[in-house]
2 protein chains.
Amino acid sequence: MSADGYRLEEQIGFLLRRAHQRATAIFAARFAGYGLTPTQFAALAKIADEGEVSQNRLGRLTAMDPATMKGVIGRLSERGLIAGRADQEDRRRTQWRLTEAGSALLARARSDGFGVTDETLEPLSPRERATLLRLLGKII
Amino acid sequence: MSADGYRLEEQIGFLLRRAHQRATAIFAARFAGYGLTPTQFAALAKIADEGEVSQNRLGRLTAMDPATMKGVIGRLSERGLIAGRADQEDRRRTQWRLTEAGSALLARARSDGFGVTDETLEPLSPRERATLLRLLGKII
DNA sequence: CAAAAATTGTTTGTACACGAACAATATTTC
DNA sequence: GAAATATTGTTCGTGTACAAACAATTTTTG
């Protein structure tokens, strides 16, 4: 153990990294059949909510850097799950929406999203689950 | 909003990703002068605790994949912060320890580690902080 | 209106993160 | 002791994550 009492296991960053790793692993297992990563699924779900959305705005809604967003958009677009069109009002923008294929895939995958949260929170009581979500919400 | 009530903002994975992003940003700001990433700092701290440790064991202690660990070890080693020696008893292993430079850097940086946790948890009361750490510990 | 500032999106470079396949070496099992 | 199994570490490929520098376009300000 460290001389001055620094314990890695008690640092919030380390705990968040490990918890996120576990959540990601559970997601990967449940979404293996869809070939979607957590960020790709988040992007699809948000595009569905918005109907049509620009790349930058989608990045803000899903908490992704513009550079990261570009990669995610590119992969979804290559797979034909989303399609973009040039915005007439602002020529810097591209507006993105779900394709038929994207909509169909999201419809099938969506219910599994709840399963991921349920399995990740399985060690906690209902009350503890609500507390954890609330406290995480406060430190974001 | 989604037709079937799926709200991205209430999914544990999304919350963990965002919370981790914030903790990482705070870490980056406070550790800018040291040129250390969270994982590199975690590795240094654990090597210090252990005295000497193999790559695989260090990976388990810091929750890193062997492939990830290899990259982290490589960068710390290139900077001369750690040094490895071949294990006589098990010829597959390399044992890693801090160099003088690594030890000195860690000594300077260590106290800032507490600052990262403090700033990240700043929106919470002391009681809430303890609860969050406890609940995160349960879902890892 | 013209200059300044902000926004949108791209590119490059560095650093995790992990699955999969692999070689070398140790350990276990029969 | 030989075969089966496990462990240690490497390499490759894909996918986040973000800083920094940049071009194009739009909005704000004086």
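So that the names make sense, note that chain A is the first sequence line, chain B the second, and so on, each numbered from 1.
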Grab the N/O contacts between the protein and nucleotides 23-25 of chain D below 3.5 Å, and write none if there aren't any.
| from | atom 1 | to | atom 2 | distance (Å) |
| --- | --- | --- | --- | --- |
| D/dT25 | O2 | A/Arg92 | NH1 | 2.8 |

Students often get this wrong, so: under 4.0 angstrom with heavy atoms, is A/Glu89 touching a base, only sugar-phosphate, or nothing? sugar-phosphate
Regarding A/Arg97 and A/Glu50, does a basic nitrogen lie under 4.0 Å from an acidic carboxylate oxygen? no
Please determine if a side-chain N or O atom of B/Asn56 lies less than 4.0 Å away from the OP1 or OP2 oxygen of D/dG9. yes
Could you give the CH2-to-C1' distance, from B/Trp96 to D/dG9, as a whole number of Å? 11 Å
What heavy-atom pair brings A/Ser54 and A/Trp96 nearest, and what distance separates the two atoms? C-CD1, 4.4 Å
Go through DNA chain C in 5' to 3' direction and return only the first and the last nucleotide with some atom under 4.0 Å of chain B's heavy atoms. C/dA15 to C/dA26
Do the charged groups of B/Asp49 and B/Arg110 touch, with an N to O distance under 4.0 Å? yes
Sorted by chain and number, sequence neighbours left out, side-chain hydrogen bond (donor to acceptor under 3.5 Å, both in side chains) with A/Asp90 holds for A/Arg92
Output a table of nitrogen or oxygen pairs between the protein and nucleotides 2-4 of chain D separated by less than 3.5 Å.
none

Of all heavy-atom pairs between A/Val72 and A/Met64, which one has the smallest distance, and what is that distance? CG2-SD, 3.9 Å
Looking at every strand, decide which applies to B/Arg57 at a 4.0 Å heavy-atom threshold: base, sugar-phosphate, or nothing. nothing
Within a strict 4.5 Å, meaning less than it, do heavy atoms of the A/Leu36 and A/Arg79 side chains meet? yes
So does A/Lys46 pair up with B/Glu9, basic N to acidic O under 4.0 Å? yes
side-chain hydrogen bond (donor to acceptor under 3.5 Å, both in side chains) pairs touching residues 112-122 of chain B, sequence neighbours excluded, are A/Gln11-B/Thr117, B/Arg30-B/Glu119, B/Tyr34-B/Asp112
Check: B/Tyr6 ring centroid to A/Phe41 ring centroid under 6.0 Å: yes
Given protein heavy atoms under 4.0 Å, the one-letter contact record of nucleotides 12-21 of chain D, with B base, S sugar-phosphate only and - none, is simply ---SBBBB--
Knowing that exactly one of B/Leu16, B/Leu15, B/Leu132 qualifies, which makes a side chain to side chain contact (heavy atoms under 4.5 Å, CB included) with A/Leu132? B/Leu132
With a 4.5 Å limit on heavy-atom distance, are the side chains of A/Thr39 and B/Arg17 in contact? yes
Looking only at heavy atoms, which two atoms of A/Ser103 and A/Leu98 are closest? And how far apart? CA-CD1, 4.0 Å
Nearest heavy-atom pair of A/Ala19 and B/Ile139: which atoms, and what distance? CB-CD1, 4.1 Å
